[in-house]
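These numbers were taken from a predicted model, which means no experiment stands behind them. Position 1 is the first residue of the sequence; numbering continues from there.
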Amino acid sequence: ITARHFASAGVASPLLVLAHGAGADQRHRWMVDMARRISARGVDVVTFNFLYTEQHRRTPDRAPVLEQTWRAVLEEVVRHLEPPGRVAVGGKSMGGRIASHMAAHVPEDPAWQKVNGLVLLGYPLHPPGQPAKARVAHLPGIRMPILLVQGARDTFGTREEVEPVFRALDTPVDFEFIEGGDHSLAVPKSSGRTEAVVHDAVADRISAWLRS
């Protein structure tokens, strides 16, 4: 698989390893734009492709393969970059959900012992229209701080759905809800906010949180 490093200009910068969602790879405009904005704020960002997207397949791999990919990527990133600052993992939608699996059952590998934060961008609490199929069983196992950025009208989990679930966890959770935002944090034109404005606000929040 391949990865991309969006290097910041800072010294001892935090490192965020960010995974893509189910329907697009690391080259998608959304992923590239968000990574660039975060790195411009003094955070090293690494994105990567899951195996199925690297092989140009549409259907995501099963969870064990996605998790093994996450494990291999972080080991290689830490070995290659030797991050001196904080290390966080996360991702958009499915990529963040699989990162949360890893955070709930942190591998014994030295690389994973360096991780001390989880950034979730649009957590897919359940498939759209299927709230009974909540993906929450592993969440209580998470012991590291979480930043959850969620569109308030996300069909995979609205604010009213995700907030009580994450507030109940026995770990610090910070929230950033995008009013009117959908699963990709896009807001209606009537809001007067552009994608750039929203993404700048999200990048500001992530970089500040990683330093807090």
S.K.: Mark yes when over 12 heavy atoms from residues, nucleotides or ligands other than R27 sit less than 6.0 Å from its CZ; otherwise mark no.
M.R.: no

S.K.: Any ion pair linking K114 and E82 (charged N to carboxylate O, less than 4.0 Å)?
M.R.: no

S.K.: Would you check, one step at a time, whether the test side-chain contact (heavy atoms from CB on, under 4.5 Å) holds for R86 with L210?
M.R.: CA-CA 7 Å; R86 290 194 173 113; L210 288 172; 5.7 Å; no

S.K.: Please tell me whether Q26 and H20 have a donor and an acceptor in their side chains that are separated by less than 3.5 angstrom.
M.R.: no

S.K.: Please determine whether residues W209 and F177 belong to a single hydrophobic cluster, defined as Ile, Leu, Val, Met, Phe, Trp and Tyr linked transitively by side-chain heavy-atom distances below 4.5 Å.
M.R.: no

S.K.: Please test R71 against E67 for salt bridge (Lys or Arg N to Asp or Glu O under 4.0 Å), starting from the C-alpha separation and ending with a verdict.
M.R.: CA-CA 6 Å; R71 184 169 181 165; E67 292 167 6; over 6 Å; no

S.K.: Does NE2 belonging to H138 count more than 12 external heavy atoms closer than 6.0 Å?
M.R.: yes

S.K.: Quick one: do H183 and S93 satisfy side-chain hydrogen bond (donor to acceptor under 3.5 Å, both in side chains)? Show the steps, please.
M.R.: CA-CA 8 Å; H183 192 51; S93 191; 2.7 Å; yes

S.K.: For a side-chain hydrogen bond (donor to acceptor under 3.5 Å, both in side chains) check, start with the C-alpha distance between S8 and S13, then their side-chain angles and the critical distance, and finish with the verdict.
M.R.: CA-CA 7 Å; S8 76; S13 300; 2.7 Å; yes

S.K.: Can we say D200 and R205 salt-bridge, meaning some charged N sits less than 4.0 Å from an Asp/Glu carboxylate O?
M.R.: no

S.K.: Using a strict threshold of under 4.0 Å (side-chain N to carboxylate O), is an ion pair present between E179 and R159?
M.R.: yes

S.K.: Would you check if the side chain of S184 reaches a backbone N or O of A186 as a donor-acceptor pair within less than 3.5 Å?
M.R.: no

